[in-house]
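See structure below.
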Amino acid sequence: MKIELILIPLLPLAGFLLNGLLRNYLSKGLAGIIGSGTVLGSFILSIAAFMQVKAGNIAIVEYFDFIKTGSLHIPFAFQVDQLTAIFLLIITGVGFLIHLYSTAYMHDEKPHHFARYFAYLNLFVFSMLLLVMGANFVVMFIGWEGVGLCSYLLIGFWFKKKEYTKAATKAFVMNRIGDLAFLIALFMLINKLGSVTFTEIFTPEALSKLSGFDITMITTLLFIGATGKSAQIPLYTWLPDAMAGPTPVSALIHAATMVTAGIYMIARSNLMYSMAPGTLNCIAIIGIATALLAASIALKQNDIKKVLAYSTVSQLGYMFLALGTGAYVAAVFHVMTHAFFKALLFLGSGSVIHAMGGEQDMRKMGGLSKYMKITHITFLIGCLAIAGIPGLSGFFSKDEILAGAFGTSPVLYVLGLIGALMTAFYMFRLYATTFCGSFRGTAEQKSHLHESPAAITIPLIVLAILSVIGGYVGIPEFLVHGAHTLKDFLNPVFAQSATELEKLGHQHPSHSTEWALAGLSSLLVLIVVVLAWNRFSKKPDMDEAKGLGKLLQNKWYVDEIYDAVITKPLNRLSVFFSSVFEKNIVDGIVNGVGKLVSYGGRQLRWMQSGQTGAYILLMVLATLMVFVLQFFLRK
Amino acid sequence: MSITQILFWILTVAVLFSAIMVISSKNPVHSVLWLVAAFFFISGHYILLNAQFLAIVNIIVYAGAIMVLFLFVIMLMNLNKSTEPLKNRSLQIIGILSGGCLLLVLVAALRNTEISENTALVNTGDAGLIKTLGRELFTNFVVPFEISSILFLSAMVGAVVMGKKD
Amino acid sequence: MPINYYIVLSLALFTIGVVGVLTRRNAIIVFMCVELMLNSVNLLLVAFSKMQVAKDALPVAAVDGQLFVFFIMVVAAAEVSVGLAIIVMMYRNIHSVDINFLNRLKH
Amino acid sequence: MNALVLSAIFGVVMMFSGIFFKKKAPVKATAIVALILLLLANSMEMQGIRFFNLNVSAFLAFNDYALFFNGIAIFATLIFTLVAADDMTKVGVYFADYFALIFFILAGITITTSFTSLLTLFLGIEIISIPLYILTGSEKRSLKSNEASLKYFLMGSFSTGVLLMGIALIYGSQGTFTIDKMNFTLHPGSNLQIAGMLLLLFSMAFKASVAPFHFWTPDVYDGAPTVFTSFMATIVKVAVFAGFVRLFGGAFEKLNETWSLWVGIMIAATLFVGNITAVFQQSVKRMLAYSSISQAGFMLFAVYTMNDIAREGLLIYATAYCLATIGIFAVLAKLSDHSYEGFNGLSKHQPVLAFAGTICLLSLAGIPLTAGFLGKFYMLKSAIVGGQNVALVIFAVIMAAISSYYYFRVIQAMYFKDGPDHSVKAGALEKYTLIGICVLIVLLGVFPNVFLSWLYF
Amino acid sequence: MIALLLILIPLLGGIITFFIKPEPGARTWSLLTSIATFVVAIIGFTLCDTSALQYQAPWMGILNSSFSIAADGMGAMLCMLTSISFPIIFVSTWNTPYSNAKNFLGLMLLAQAGLIGVFLAMDALLFYFFWELALIPVYFICSQWGNEKRIKTTFKFFVYTFFGSLLMLVGILYIYAKTGSFDITAFYNSQLSPKEQMWAFWLFFLAFAIKMPVFPFHSWQPDTYEQSPTAGTMVLSAIMAKMGVLGLLRWLLPVLPVASFAWGDTISTMAIIGIIYASIIAFRQDDMKRLVAYSSIAHIGLMCLAVFAENRSAFQGVMFQMFAHGINVLGMWVVVEIIERKFGTRKMSELGGIAKKAPVLTIFFFTIAFASIALPLTNAFVGEFLMLNGVLGVNPQISKYGFVMAISAGLGIIFSAVYILRMGRKVFLGETNALTEKGTDIAFHEKAILGIIVATILVSGVYPQHLLHSFEDITNFILHKSDVLPLLNQKH
């Protein structure tokens with residue numbers, strides 16, 4: 001067991017080292033094989049591990065002492081339970097597909113860049129695996145920062161383009177902000193509980209040691225960390241820019257896996273959150289707000305990847321909504337389904353972009369359905385899934401989230417529903433403008449429009465299938481009794497927090513209401529889908545947006561605001577410090593002392609006038625003074 | 001008021017007057033002469049204190065030798081006319097003032113000291129007689145006496161080094 | 001005679017010498033004023049020595065004082081010889097004995 | 001006693017050597033031999049071998065401390081002769097006479113360090129001063145030299161007057177000139193002795209160039225021929241301090257609380273004036289004059305804190321200071337241009353001189369593992385252990401930090417800047433002596449025991 | 001005996017170097033000497049027992065001082081750092097031309113001797129001696145082989161630090177006056193009254209603060225780093241800065257615990273201001289050396305902050321970070337040195353796109369860069385983790401502001417990411433320009449040393465436990481000595 005588990009991350013690491021060190025000697029094929037092969041390997045191992053967990057034996061293995069000073073003991077240990085197992089499958093499985101996809105997608109790169117790409121990708125898988133397998137917060141944090149590093153490297157993969165590297169830096173720094181909060185939370189845990197090991201802290205006894213304030217503080221800080229990683233308000237702006245990276249990267253990191261790290265982390269510490277109702281509400285509000293904001297922006301984007309990026313943000317918002325309403329299972333569920341269909345959509349868009357020769361503006365596309373059948377079909381499935389059409393995976397997970405929201409407060413439900421409708425709308429706006437109508441690109445582009453090679457289409461197909469059937473692991477209670485296998489599977493992880501949530505009075509809506517809600521939402525979604533389809537398949541909105549539209553197109557000017565409020569002032573401050581304060585105050589005082597001394601030297605010269613008479617006079621005066629002081633003033 | 005007291009007062013006034021004349025007279029030659037006078041009066045005080053030996057030495061060495069030396073030099077440089085332009089007034093004033101203050105302070109400080117009621121024995125006592133001093137000088141004080149020979153040697157060498165044209 | 005008279009007298013002489021040093025510019029005069037100071041000291045010493053006699057302390061004490069005066073005169077003579085030599089040399093070079101011209105060296 | 005008599009005799013010998021030898025080399029040789037003999041004689045006396053068994057205890061007492069100081073003075077003079085004799089020839093024609101005067105000064109030093117009566121103190125100081133007036137003015141053509149000489153003479157004789165007045169007042173209150181016989185008692189109306197003591201303090205301060213009686217120092221040191229400046233600044237000054245300590249540690253011990261305040265103020269003033277003014281100087285020679293003032297400030301600590309550490313420390317400080325200053329002045333004398341620029345690029349043209357100069361300057365700045373550090377260390381230690389106020393000590397180290405500024409300017413000029421070769425060729429003997437000085441400085445800094453163990457023979 | 005060797009080898013080797021005329025010979029000799037030191041250090045700290053690591057000889061007995069040196073956990077680590085740094089420095093500057101290199105190399109070795117002495121000295125006076133002995137050669141190196149404004153700048157640095165160390169001398173003497181011995185144990189047992197401690201503290205602290213340097217005593221540092229030859233800069237920042245930290249840990253906290261406690265918050269405030277201030281300045285620096293200099297100020301500030309948190313985690317973190325920061329900043333300088341030699345400039349605005357031309361260099365740089373911004377699995381992470389943890393967990397009796405301090409110090413972590421990545425972006429990424437067009441990748445020996453550095457970074461980052469464990473004893477000792485809580489509790 002010990003060996004298999006360590007192998008799961010080690011294989012990608014080995015892939016990273018091989019590809020990284022030998023990048024100048026490997027052929028593309030070999031690099032691709034190493035890259036995907038290692039991930040495939042760990043996928044198989046993950047299945048094995050999953051089976052083990054399913055059989056009910058949860059593995060906690062300790063490898064070596066990472067840090068051990070005094071009472072503080074942080075081992076380098078793995079913990080594989082149900083939650084981890086799920087994520088393992090998602091990461092390695094989807095990861096493998098995307099590796100496979102990349103072999104074709106990145107084929108135009110130079111060999112050593114090709115190898116470098118796979119090295120990064122493998123490193124990412126490695127860190128992501130550390131993140132989910134870590135048995136304590138520190139190991140998790142190692143992965144947490146590791147994935148941040150990899151996203152930095154991959155966003156800036158084409159490092160010759162300045163703006164790409166800028167985007168990469170932005171992503172890293174924004175993550176850093178979250179990471180600091182994460183760290184602080186860790187320190188609080190260490191200093192209050194003396195441990196960061198999950199099994200030691202996530203027990204009612206241990207947590208009861210924390211005061212209400214502490215627990216709220218810790219959970220909030222952790223959540224801030226999550227907002228950084230999972231692109232929530234206020235730290236979401238890096239994710240759309242992250243689309244600078246290669247499309248498969250967007251699919252893997254910025255849709256399927258890394259961005260869900262926040263959800264994983266909160267789900268992992270569900271008990272603690274269940275004890276902090278304040279934080280839960282805050283999470284719910286942030287989540288729904290992000291969902292709506294991102295969705296609204298997505299409505300007016302024309303870059304195909306941007307749309308998907310904002311949709312990702314909003315979907316993540318849904319997941320946080322779920323967490324906030326205590327529906328952890330729903331959140332994990334949605335992570336899974338979302339991984340399927342969002343990866344599918346990204347890869348599909350990648351295939352499109354591939355065909356269009358790098359063109360990403362969908363206004364220049366259109367009518368592609370004729371040219372690329374498989375891509376078209378799979379993409380459509382993806383859209384239907386994300387829109388939440390009944391029967392596809394998206395429906396189940398989203399419906400569960402909405403139900404949970406309703407259970408907390410109807411307002412959340414309504415807002416969530418609006419978000420869902422917007423999702424449906426922009427997705428089909430995207431679909432229609434891309435695939436329907438007539439081709440609007442240049443003739444030269446038109447000339448080599450073609451269906452992508454198998455290495456691209458196969459993953460699409462697989463993912464399409466998954467996004468269709470993926471939902472059936474979690475058929476809601478009110479449809480079929482006891483068919484929510486996922487819930488049952490995850491039960492051990494969330495059992496304790498369930499009892500905590502009872503205290504908070506999270507009640508689950510009755511089946512009848514759920515019927516109603518599900519019916520209502522499905523109906524509205526269908527209407528919206530049809531609307532959007534008709535609206536955009538004829539003529540896409542080519543005209544320049546104005547008013548609210550313009551506001552949306554410019555993403556509510558959030559980037560500009562951040563720039564004006566944070567970046568610019570800091571830079572100005574920096575200039576001020578280095579050119580004014582440092583020179584004139586800090587260093588100025590030091591030099592001032594020096595100047596003073598030499599000035600004093602210059603001033604003392606008058607005594608040394610060269611006049612004998614003056615010298616003697618001064619001596620006499622000194623004598624006089626001493627005598628006066630000695631005899632008349634000194635007692 | 002005994003004769004010695006009268007003599008004392010006369011001598012004192014004379015000394016002070018000639019001393020002041022030394023520093024105030026424009027013509028260097030005059031100040032030399034006034035200084036000689038001052039030395040004579042001081043010798044008078046010595047005699048009053050019954051220190052004949054010192055009185056004689058003072059007249060011979062100081063008034064005789066040294067002052068004549070001064071006179072020679074001044075003549076040699078024919079500074080006999082008052083060549084000295086006035087030092088600027090302010091410095092002079094300051095000099096005089098500070099000197100006065102010094103005097104004031106010292107006198108005020110030393111007016112009533114542990115010895116203030118003591119007296120100096122006048123016109124008696126054999127301490128100052130050549131006999132006594134001579135014996136002392138060549139018995140107990142022979143060491144400093146010899147040492148002063150080194151002083152003279154060096155002064156001599158110095159005078160040669162300085163004075164000789166090369 | 002009360003010793004204070006002598007103290008005051010010689011202090012007065014001393015101060016006159018100091019004032020002379022301070023106010024005159026002619027090197028020779030300045031030097032003469034120094035001599036005046038020395039003489040005031042001599043006078044004081046002699047007076048003190050006689051005071052010792054009056055206190056009929058050990059008689060050698062009185063002799064000490066007067067011999068000291070003798071040595072002062074010795075030294076004074078030596079100093080004069082050297083000093084005048086220096087002044088003459090100075091005069092040879094700048095044809096002046098005005099100490100205000102001694103200001104090449106300053107600051 | 002040995003040293004005193006011999007040095008007087010050798011003085012006479014040197015006088016005549018000028019007549020016998022027309023060449024300079026034999027004169028120099030004679031001087032060196034004489035100095036070595038002198039050193040031997042002195043160390044013999046340290047071992048208790050006295051050539052002359054006279055009872056001079058009324059005026060002179062050659063105790064170990066005094067003898068040790070004589071030893072230092074003579075040794076320093078020997079070194080001085082080795083490095084600077086050739087430069088003396090440049091000063092004037094009376095080569096032999098200069099040596100004669102130097103020997104007379106040595107005699108004066110032996111007196112000043114071992115006086116027991118104010119009379120001998122007075123004579124000693126005069127025997128030191130009068131030849132110095134002459135040496136200062138020995139460069140007869142140079143107006144600067146004349147001026148310096150005359151200034152020195154006028155002010156010196158003035159301070160002699162002050163000294164004598166002080167002695168007179170002391171005599172008035174004590175009825176004796178012998179230090180052992182004096183017993184001071186502080187009671188109201190004891191102003192006579194205090195006034196005398198203060199006047200003595202001032203005149204000693206003058207001789208030791210302690211502020212505010214230091215004014216003659218820069219001008220005189222600057223005007224005098226460089227060789228003699230180095231002699232004045234080192235050996236003479238050290239001897240004066242020996243007398244200073246002897247006087248105030250011995251006779252005026254009882255008046256301690258009266259004068260310690262004034263001495264403390266004087267230390268502060270001296271350090272301040274010396275360092276601050278030195279910073280501004282453009283001529284290295286003049287800078288060294290001011291630096292010697294500031295060094296005097298440090299040596300004055302020995303007077304301020306009259307404890308054994310201080311006495312011991314003064315010996316070390318004196319040795320270190322003499323060695324370093326003689327060394328740097330020897331380097332300076334080799335240069336035609338005495339400004340900082342004169343030193344530019346010396347390390348290229350004259351590596352030995354540059355290196356020696358650097359070591360000396362480091363020692364003067366009090367960098368550890370040089371003798372200079374040890375000296376400063378002892379002075380500060382004595383002040384702190386003696387429980388005197390730490391503020392003064394802190395002030396002193398701040399000033400020491402400032403002093404590093406002007407010392408290192410010279411090092412910078414020598415090593416980090418380029419310039420034409422101003423220097424004249426230095427003889428082999430001089431170079432070796434300079435190296436020897438450096439070795440001594442470092443040895444003294446690294447293994448002080450070797451040196452200090454002599455103290456407790 | 002080993003301890004003595006560690007000082008003697010570079011000392012004698014350095015002195016010999018002055019007399020080796022041919023340049024290659026001098027270079028080889030100095031390299032061999034430093035390697036020999038390194039080997040001895042390795043042997044000493046792995047094989048030998050503690051008795052071999054200490055040496056005592058009568059020296060200056062007359063001053064009640066003795067030549068006593070010993071290597072505790074902290075000293076050993078710093079000696080390792082020093083002895084590994086110098087070979088790296090020599091190799092990395094192998095092709096850098098120096099006018100009469102023998103003096104340069106000799107001075108470097110002397111500096112090494114001094115530094116090791118400082119780390120090992122167990123006698124206050126000896127400590128002071130080595131403190132200066134380390135300073136002087138570096139001063140000469142910097143102001144003889146530096147850039148055009150070197151003389152003025154390094155001179156300021158010298159006077160500044162000299163001033164500090166003289167104050168320290170006064171402090172040492174003051175305590176000596178109480179104890180009558182310079183031995184460190186005597187110092188530890190010197191029971192100064194709180195009142196005395198309050199001001200004696202500053203005599204020591206100023207010396208250390210100037211050396212480290214801590215805001216606002218840092219103004220000499222960027223200029224000096226900029227003007228010095230890179231070899232000098234390496235010594236200054238990689239090793240010399242640690243002298244100050246070591247001073248705090250070994251000579252200040254245990255000796256003056258009460259004052260250290262009382263002034264704790266003041267110092268912490270200064271440190272935090274320093275961290276943020278330096279980081280913000282680093283944002284807009286164009287000269288790589290200046291940027292690294294300011295980043296170094298920020299890092300040191302964090303160490304200083306942690307020292308005054310006075311708990312185990314913080315101490316362990318500080319000691320670990322001393323090593324980590326030494327290695328990382330050394331790597332940074334090596335890269336800067338290579339770039340400057342290749343392209344003749346350190347201005348980021350003039351560089352760019354080096355990644356295309358020198359991928360290997362780029363990889364090394366980014367590894368080091370991420371290490372210096374404390375990415376997990378690099379050495380700095382462990383250090384900063386422990387330090388910040390300690391700061392946040394500071395005993396409320398020692399300081400009430402642990403939480404605030406941790407957060408504001410943590411900003412440094414974010415900022416460091418900003419400016420270090422900015423540097424990486426401007427220098428290595430982007431399109432090549434006319435200047436960098438003709439760039440080539442690094443030579444083998446450069447690969448080798450950078451490889452060593454990176455290896456050290458990763459190994460100590462993945463498995464820090466070994467190093468941390470070696471600090472246990474000294475940490476406990478310092479904790480025990482600097483513990484003032486009993487005093488406080490009995491007072492209330």
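Chain letters run A, B, ... following the sequence lines, proteins first, then strands; residues in each count from 1.
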Which atom names give the shortest non-hydrogen contact between Lys162(A) and Gly430(E), and what distance separates them? NZ-CA, 3.9 Å
Residue part contacting chain A, namely of Glu472(E), when any heavy atom lies under 4.5 Å: side chain
Ranked by heavy-atom pairs below 4.5 Å to chain E, first place among Ile177(A), Val590(A), Asn571(A), Leu573(A) goes to Asn571(A)
Residue, of Tyr294(E), Trp220(E), Phe217(E), that accumulates the most heavy atom pairs under 4.5 Å with chain A: Tyr294(E)
When the 4.5 angstrom heavy-atom criterion is applied to Asn591(A) and chain E, the contacting part is side chain
Between Leu388(E) and chain A, which part of the residue has a heavy atom less than 4.5 Å away: side chain, backbone, both or neither? both
Side chain, backbone, both or neither of Met217(A) within contact of chain E (heavy atoms, under 4.5 Å): side chain
Crowding at OH, Tyr25(A) (>12 non-hydrogen neighbours, <6.0 Å): no
I'd like to know whether NZ of Lys161(A) has more than 12 heavy-atom contacts from other residues, nucleotides or ligands below 6.0 angstrom. no
Aromatic ring proximity Phe385(E)/Phe187(A), centre distance under 6.0 Å: yes
What part of Glu431(E) gets within 4.5 angstrom of chain A, counting heavy atoms only: side chain, backbone, both, or neither? both
Please state whether the side chain, the backbone, both or neither of Phe215(E) comes within less than 4.5 Å of a heavy atom of chain A. side chain
Considering only heavy atoms, which portion of Leu183(A) lies under 4.5 Å from any heavy atom of chain E: side chain, backbone, both, or neither? side chain
Portion of Phe471(E) that has a non-hydrogen atom of chain A nearer than 4.5 angstrom: neither
Could you state the interatomic distance from OG1 (Thr567(A)) to CZ (Phe283(E)), rounded to the nearest 0.5 Å? 9.5 Å
So which of Ile363(E), Asn389(E), Ile280(E), Leu421(E) has the biggest tally of heavy-atom pairs under 4.5 Å with chain A? Asn389(E)
Do Arg23(A) and Pro359(E) make a side-chain contact, defined as non-hydrogen atoms from C-beta onward lying under 4.5 Å apart? yes
Proximity breakdown for Val462(E) and chain A, heavy-atom pairs closer than 4.5 Å: both
Interface moiety of Asn476(E) toward chain A, non-hydrogen atoms closer than 4.5 Å: neither
Between Arg176(A) and Ser416(E), what is the shortest heavy-atom contact and its length? NH1-OG, 4.3 Å
Approximate separation, where rounding is to 0.5 Å, of Asp286(E) CG and Ser578(A) OG: 11.0 Å
Go through the atoms of Leu72(A) and report whether side chain, backbone, both or neither lie under 4.5 Å from a heavy atom of chain E. side chain
For Ile142(A), is it the side chain, the backbone, both, or neither that has a heavy atom closer than 4.5 Å to a heavy atom of chain E? both
With only heavy atoms counted, which part of Phe577(A) is less than 4.5 Å from chain E, the side chain, the backbone, both or neither? both
Name the member of Ile373(E), Val391(E), Thr475(E) that forms the most heavy-atom pairs with chain A at distances under 4.5 Å. Ile373(E)
Heavy-atom distance under 4.5 Å between the side chains of Arg422(E) and Thr169(A), does that happen here? no
Contact class of Arg572(A) relative to chain E, heavy atoms under 4.5 angstrom: neither
What part of Leu149(A) is in contact with chain E, defined as an atom under 4.5 angstrom from a non-hydrogen atom: side chain, backbone, both or neither? side chain
Please report the closest heavy-atom contact between Asp587(A) and Ser219(E), naming both atoms and the distance. OD1-OG, 3.2 Å
Option in Val173(A), Ile184(A), Val138(A) with maximal non-hydrogen atom pairs under 4.5 Å from chain E: Ile184(A)
Thr69(A) side, atom OG1; Leu468(E) side, atom CG - distance, nearest 0.5 Å: 7.0 Å
Name the region of Arg312(E), side chain, backbone, both or neither, that has any atom closer than 4.5 Å to a heavy atom of chain A. side chain
Grab the two heavy atoms, one from Pro376(E) and one from Glu145(A), that are nearest each other, plus how far apart they are. CD-OE1, 3.1 Å
Is it the backbone or the side chain of Lys356(E) that comes under 4.5 Å from a heavy atom of chain A, or both, or neither? both
Reported CG-to-NE2 distance for the pair Asp65(A) and His469(E), which is rounded to 0.5 angstrom: 11.0 Å
Within a 6.0 Å radius of atom OH on Tyr562(A), are there more than 12 heavy atoms belonging to other residues, nucleotides or ligands? yes
How about Phe366(E) and Phe159(A): are their ring centres within less than 6.0 Å of each other? no
Heavy-atom proximity to chain E below 4.5 Å, by part of Ile190(A): side chain
Heavy-atom distances under 4.5 Å only: say whether Val575(A) touches chain E with side chain, backbone, both or neither. both
Heavy-atom count around Lys447(E) NZ within 6.0 Å, excluding the residue itself: above 12? yes
Side chain, backbone, both or neither: which part of Val593(A) has a heavy atom under 4.5 Å from chain E? neither
Nearest atoms (heavy-atom pairs only) where Ile281(E) meets Glu582(A): CD1-OE1, 3.8 Å
Aromatic centroids of Tyr463(E) and Phe66(A) separated by under 6.0 Å: no
Between Phe581(A), Phe64(A), Trp158(A), which has the largest tally of heavy atom pairs under 4.5 Å with chain E? Phe581(A)
Go through the atoms of Ile585(A) and report whether side chain, backbone, both or neither lie under 4.5 Å from a heavy atom of chain E. neither
For Lys166(A), which atoms come within 4.5 Å of any heavy atom of chain E: side chain, backbone, both, or neither? both
Which atoms of Leu386(E) are under 4.5 Å from chain A, going by heavy atoms: the side chain, the backbone, both sets, or neither? side chain
To the closest 0.5 Å, what do you measure between OG (Ser574(A)) and CZ (Phe415(E))? 10.5 Å
Counting heavy-atom pairs under 4.5 Å with chain E, the top scorer among Ile74(A), Leu180(A), Asn175(A) is Leu180(A)
Under 4.5 Å heavy-atom distance to chain E, tell me which part of Leu186(A) shows up: side chain, backbone, both or neither. side chain
